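Every value quoted in this text rests on a predicted model; they were computed, and no experiment measured them. So you know, we letter chains A, B, ... as the sequences are listed, proteins then strands, and number each from 1.
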Amino acid sequence: MARVGIIGCGQTAFGRRSDATVQELAFEAWRAALDDAGVEPDVVEATVVGSVPEYHKQRSLPGVIQEYLNLNPRPVWLTEAACASGSAALRTAWLEIAAGVHDVVAVIGCQKMTELETAEILALMGRVGDVQWESGFGTTFPGYYAMFARRHMHEFGTTSDQLAAVAVKNHHYGAANPKAMFRKEITVAKARASEEVSAPLSVYDCCANADGAACVILAGERAARALGKDRVVWLDGMGCASDSMSVLRRSDLTGLPSARAAAAQAYAMAGVTAKDIQVADVHDCFTIAEIMAYEDLGFCGRGEGGAFIDARGSYIGGAHPVNLDGGLKAKGHPIGATGVSMTCEIVSQLRGECGPRQVPGASIGLTHNVGGIGQYCFVNVLRRD
Amino acid sequence: MARVGIIGCGQTAFGRRSDATVQELAFEAWRAALDDAGVEPDVVEATVVGSVPEYHKQRSLPGVIQEYLNLNPRPVWLTEAACASGSAALRTAWLEIAAGVHDVVAVIGCQKMTELETAEILALMGRVGDVQWESGFGTTFPGYYAMFARRHMHEFGTTSDQLAAVAVKNHHYGAANPKAMFRKEITVAKARASEEVSAPLSVYDCCANADGAACVILAGERAARALGKDRVVWLDGMGCASDSMSVLRRSDLTGLPSARAAAAQAYAMAGVTAKDIQVADVHDCFTIAEIMAYEDLGFCGRGEGGAFIDARGSYIGGAHPVNLDGGLKAKGHPIGATGVSMTCEIVSQLRGECGPRQVPGASIGLTHNVGGIGQYCFVNVLRRD
Amino acid sequence: MFEWFGLVSYCPHTKVAGFAQHLKDGRLMGSRCDACGRVSFPPRADCPDCRGAAFTFTEYGGAGTVVTFTRIAAAPAGFEGRTPFTIGVVDLDEGGRLLAWCGGTLDEAALAIGQRVQVVPRLFEELEAIKVHYTLEAPGTTWAKA
Amino acid sequence: MFEWFGLVSYCPHTKVAGFAQHLKDGRLMGSRCDACGRVSFPPRADCPDCRGAAFTFTEYGGAGTVVTFTRIAAAPAGFEGRTPFTIGVVDLDEGGRLLAWCGGTLDEAALAIGQRVQVVPRLFEELEAIKVHYTLEAPGTTWAKA
Ligand SMILES: [Zn+2]
Ligand SMILES: [Zn+2]
């Protein structure tokens with residue numbers, strides 16, 4: 001299989017964007033990615049759009065995006081895997097190149113989540129789980145993760161202070177990211193004092209809905225060389241796995257089996273192990289999700305996620321710096337854009353462009369993008385030669 | 001690139017299915033495809049789900065389908081390309097095998113369209129086009145195709161009787177298809193007498209919403225041989241193209257440029273021309289769409305679609321028999337399932353299993369699946385050796 | 001009649017719709033595959049083991065153990081005015097799992113993982129339309145069956 | 001204020017929101033790219049040719065030719081009670097295209113492809129909220145501008 005790499009990336013700032021349509025947001029990311037790659041649109045043979053349709057009034061987003069980007073008649077369709085929709089798009093583009101069908105493909109992750117009215121958001125929120133056996137009882141997205149957190153605390157003694165410590169770290173780094181939605185440091189005390197959402201999770205344990213778009217441009221090795229690109233970041237390990245929709249069918253409530261399966265695939269394909277990962281962006285939709293990610297990815301042992309953040313293992317200088325862009329928590333979570341934005345961050349880290357939040361000399365990085373409560377997980381290992 | 005073929009296919013009957021969830025429908029198609037392929041689930045390494053999310057109360061369908069089919073932790077995500085979502089899923093599965101990532105992949109196309117209430121359907125119907133410049137004027141899906149029809153009549157003299165003749169043919173063959181929603185012959189007079197929907201289109205020019213699911217199982221050539229499969233139908237030509245969301249950006253209102261582009265790709269890849277196609281399933285969401293398809297696929301010249309149906313060129317015995325399963329018109333159109341169901345039909349035709357609606361000795365067939373008003377088009381050439 | 005199940009229903013059509021009627025009758029039902037005998041809870045029409053399409057409902061006793069739980073303060077549409085409410089996941093002694101509200105015989109504040117509970121079929125008495133669910137109650141709690 | 005545009009609006013936020021204000025003022029506006037001068041109708045904020053992000057609205061005269069049309073009998077939500085209504089697609093003499101309702105100065109039954117029309121900015125007078133649109137009228141039709 002031909003090696004596939006990223007030759008350009010760009011994203012909008014994340015946050016409330018009441019000034020733009022979703023295709024206008026996509027154009028901002030597209031423009032930034034082309035400028036970053038230093039290529040013209042004509043080299044891009046196809047696009048893939050990652051997004052969750054039900055947040056938009058506009059149906060079938062690839063239609064308006066491909067038109068607004070002026071890319072017709074090139075192929076495009078949408079991928080959906082809940083909050084991992086952007087990574088499904090990235091995987092699709094990788095497949096298109098690996099199969100030899102295209103040489104250069106653009107991935108657009110995008111989402112406008114603040115377009116809906118509160119009543120519409122509340123209606124959607126009631127259908128995040130299995131609607132047959134769970135939604136009728138008022139389950140919510142924080143509610144599911146709260147049940148993971150409760151079980152994690154029970155089995156391993158994880159504390160609310162440890163959860164809060166994840167939020168503190170992510171706000172710390174988010175403050176240094178000009179693309180982040182929240183750019184203010186917080187304290188454990190402030191996080192602990194925030195309003196309860198779903199016990200034991202409170203407001204500062206949860207990421208925020210945001211608007212935004214991100215774009216990466218992929219090329220096969222030969223095409224990248226032909227274009228004269230010499231700072232390519234390679235997609236050397238690509239993992240993807242699924243788990244049940246329903247929490248009732250889960251074999252484990254203290255981690256995500258889909259994340260462990262996807263990580264194992266990505267590590268094996270890249271020929272690395274967890275200890276080789278020098279920088280990572282993981283899916284911290286809730287603080288407990290980042291704790292579980294440390295364990296699922298092998299950054300620490302099972303049940304040791306709380307101790308790992310206590311020991312600052314996920315700070316710069318720790319064994320595995322995590323979410324130096326602020327994570328979903330501080331950067332914001334425009335769900336379709338998130339997986340692509342994670343990829344942008346790790347590419348920037350591996351190129352050494354992150355300034356105050358740069359991991360010095362990092363050459364191997366990882367993205368971990370979870371859909372829903374682990375129904376999907378995509379783990380990718382990226383490498384700079 | 002390794003050759004990829006279809007080793008099994010199955011589908012539910014199409015129509016109103018008030019007895020089943022969408023995952024229960026998917027299971028029916030999955031069971032039929034496994035039985036047809038003569039394989040056990042453990043050989044299937046991944047699945048791809050094609051569906052249009054906004055029709056379902058259940059969000060993120062791949063989650064419930066992968067769980068109900070008992071396929072976790074294998075990879076899955078959803079593809080959306082409006083009414084061509086099923087073909088986007090098929091293309092994704094083809095890429096997974098062609099890239100060497102998987103050997104055997106199942107494609108599930110599914111849709112429940114009768115779950116929503118009338119008010120919800122009317123609300124969705126108002127957002128089928130570009131919501132920024134068109135929806136505010138009350139555009140509808142039949143409205144767009146009506147404007148294509150009006151222009152086709154103007155430029156080429158196509159008549160309402162010729163449109164009706166397409167419906168008559170598709171009901172004729174649909175009557176012989178046990179999976180079809182409508183199994184009754186109609187006449188041109190009956191079609192012409194039906195109520196106006198969007199002039200010049202009336203009720204019998206339009207296909208009907210339906211519930212249903214279809215499944216095909218794909219395998220790489222080596223895997224198919226290893227499994228002992230000897231009646232494989234090969235995906236020898238795969239075409240995919242896009243066009244603008246908005247009718248305001250179309251270069252042509254008498255055909256679909258995306259269909260012509262996709263057909264050119266598929267023919268070139270398969271090493272065939274239009275005249276080699278012995279049987280086809282085309283996207284007749286409206287009668288005018290089938291007329292345009294004859295022309296876009298090269299079954300007749302530009303503007304000759306009306307004459308082609310008059311001459312019975314798309315009947316068995318004609319130059320290019322089309323929609324012998326009844327088409328979307330009589331078989332029904334569960335949008336996510338349609339592209340996969342088309343594939344099932346052509347596989348059955350190439351295997352010679354279609355009884356009274358069989359094209360004798362057909363070995364090269366084609367599917368033509370359009371998303372929306374041509375925002376997406378997938379054209380595939382299938383071959384039996 | 002599966003729209004009977006839960007306070008808000010998004011799933012009107014299913015092959016196991018009879019589950020809701022049985023729940024109204026005071027019976028908690030799983031499914032047994034007619035072909036291979038596999039038992040499932042929640043019930044399912046299609047057997048994941050043998051792919052059989054025929055099943056029969058089979059009654060569950062409803063005793064189980066709390067696996068995890070949460071108290072939901074921020075609730076979705078349809079649950080306004082009921083917050084906060086507590087939901088728990090329970091492993092049933094007879095196999096399978098369910099998610100349900102904490103009922104009146106349990107002290108919500110003292111709810112704990114590992115606690116033994118009894119799942120009890122319920123009708124929303126205050127609603128005009130028929131709506132059924134189940135609650136987690138103290139072991140030994142009894143109820144009427146039709 | 002782009003929610004002003006059309007009888008039903010699904011697009012509140014756009015970089016060309018000013019289009020609706022101009023329409024209320026009686027002006028039909030396209031966009032001109034500040035960097036390369038490309039003119040677009042409908043207006044767009046980002047230039048497809050040079051990728052420039054800066055644009056200026058530029059007024060259109062609104063004369064054009066009917067490309068195709070239909071009379072919609074089965075209408076979506078928000079258009080009940082207005083059926084049937086006729087919409088047409090028009091190629092503007094100054095470039096670009098729009099879709100609009102047939103106005104009162106044209107005979108809908110005689111509408112034809114190739115017919116010359118004048119696009120006229122309109123306010124929905126009967127609505128309390130501000131809602132603007134445009135109609136296809138006989139050539140030479142005039143209207144007030146702010
Ligand atoms: Zn069985
Ligand atoms: Zn320009």
Side-chain angles (χ1 to χ4, degrees), chain A residues 54 116-157 194-203 205-206 209 244-254 286 288 373, chain C residues 2-17 19-20 40-44 48 66-80 82-92 96-102 108-109 111-114 124 131-136:
Chain A
E54 53 265 40
L116 298 185
E117 290 162 26
T118 304
E120 294 171 311
I121 289 282
L122 287 173
L124 273 186
M125 179 181 153
R127 300 191 279 114
V128 295
D130 174 298
V131 302
Q132 187 167 10
W133 300 105
E134 297 172 0
S135 300
F137 291 88
T139 51
T140 63
F141 200 40
Y144 288 111
Y145 274 96
M147 293 194 287
F148 289 146
R150 177 88 65 190
R151 187 80 204 177
H152 204 277
M153 290 170 162
H154 174 78
E155 291 194 27
F156 305 121
S194 68
E195 198 175 354
E196 180 180 302
V197 173
S198 191
L201 302 183
S202 58
V203 167
D205 289 302
C206 310
N209 286 354
S244 64
M245 191 75 196
S246 170
V247 72
L248 306 180
R249 292 282 301 271
R250 291 296 171 89
S251 58
D252 180 4
L253 295 173
T254 61
F286 299 92
I288 182 64
I373 59 167
Chain C
F2 201 74
E3 63 270 28
W4 286 1
F5 182 61
L7 178 60
V8 172
S9 170
Y10 299 111
C11 185
H13 309 146
T14 169
K15 294 181 178 183
V16 295
F19 176 84
S40 300
F41 192 96
R44 45 180 295 152
V66 173
V67 178
T68 188
F69 63 95
T70 183
R71 179 179 62 243
I72 292 182
F79 295 84
E80 308 85 351
R82 292 182 180 257
T83 55
F85 54 85
T86 295
I87 53 174
V89 171
V90 167
D91 269 345
L92 297 168
R97 203 176 253 187
L98 56 68
L99 183 151
W101 282 305
C102 208
E108 284 195 20
L111 194 65
I113 290 173
F124 283 96
K131 282 282 181 185
V132 294
H133 64 116
Y134 29 61
T135 54
L136 310 183

Chain A interface, residue from [options] that has the most non-hydrogen pairs under 4.5 Å:
| options | answer |
| --- | --- |
| C:Ser9, C:Ala77, C:Gly6 | C:Ala77 |
| C:Val8, C:Ile113, C:Val16, C:Leu7 | C:Ile113 |
| C:Ala74, C:Ala112, C:Gly78, C:Gly96 | C:Ala74 |

Can you tell which part of [X] gets under 4.5 Å to a heavy atom of chain A, answering side chain, backbone, both or neither?
| X | value |
| --- | --- |
| C:Pro43 | both |
| C:Phe79 | side chain |
| C:Phe19 | side chain |

Practice problem: Assess whether atom CD of A:Glu117 is packed by more than 12 heavy atoms of other residues, nucleotides or ligands within 6.0 Å. | Solution: no

Quiz item: When you look at CZ of A:Arg151, are more than 12 heavy atoms from neighbouring residues, nucleotides or ligands closer to it than 6.0 Å?
Solution: yes

Exercise. Could I get the full list of side-chain hydrogen bond (donor to acceptor under 3.5 Å, both in side chains) partners for A:Tyr145, not counting sequence neighbours?
Key: none

Quiz item: Who are the side-chain hydrogen bond (donor to acceptor under 3.5 Å, both in side chains) partners of C:Lys131, not counting sequence neighbours?
Solution: none

Quiz prompt | Proximal to chain C - members of residues 246-253 of chain A, heavy-atom separation under 4.5 Å | solution = A:Val247, A:Leu248, A:Arg249, A:Arg250, A:Leu253

Minimal non-hydrogen separation, [X] against [Y], with atom names:
| X | Y | answer |
| --- | --- | --- |
| A:Ser198 | C:Ile72 | OG-CG1, 3.5 Å |
| A:Arg150 | C:Phe69 | NE-O, 3.2 Å |
| A:Glu134 | C:Leu99 | CG-CD1, 4.2 Å |

Quiz prompt | Aromatic plane relationship, A:Trp133 with C:Phe41 - under 30° parallel, 30 to 60° tilted, over 60° perpendicular | solution = tilted

Quiz item: Could you give the distance from CD (A:Glu196) to OG1 (C:Thr70), rounded to the nearest 0.5 Å?
Solution: 7.0 Å

Quiz item: Distance from C:Thr68 atom OG1 to A:Met153 atom CE, nearest 0.5 Å?
Solution: 10.5 Å

Quiz item: Among A:Ala149, A:Gly138, A:Ala146, who wins on heavy-atom pairs under 4.5 Å with chain C?
Solution: A:Gly138

Which pairs would a plain distance check flag for residues 83-92 of chain C, meaning a side-chain donor or acceptor within less than 3.5 Å of a matching protein atom at least two apart in sequence or in another chain?
from	atom 1	to	atom 2	distance (Å)
C:Thr86	OG1	C:Glu108	OE1	2.7
C:Asp91	OD1	C:Arg97	NE	2.7

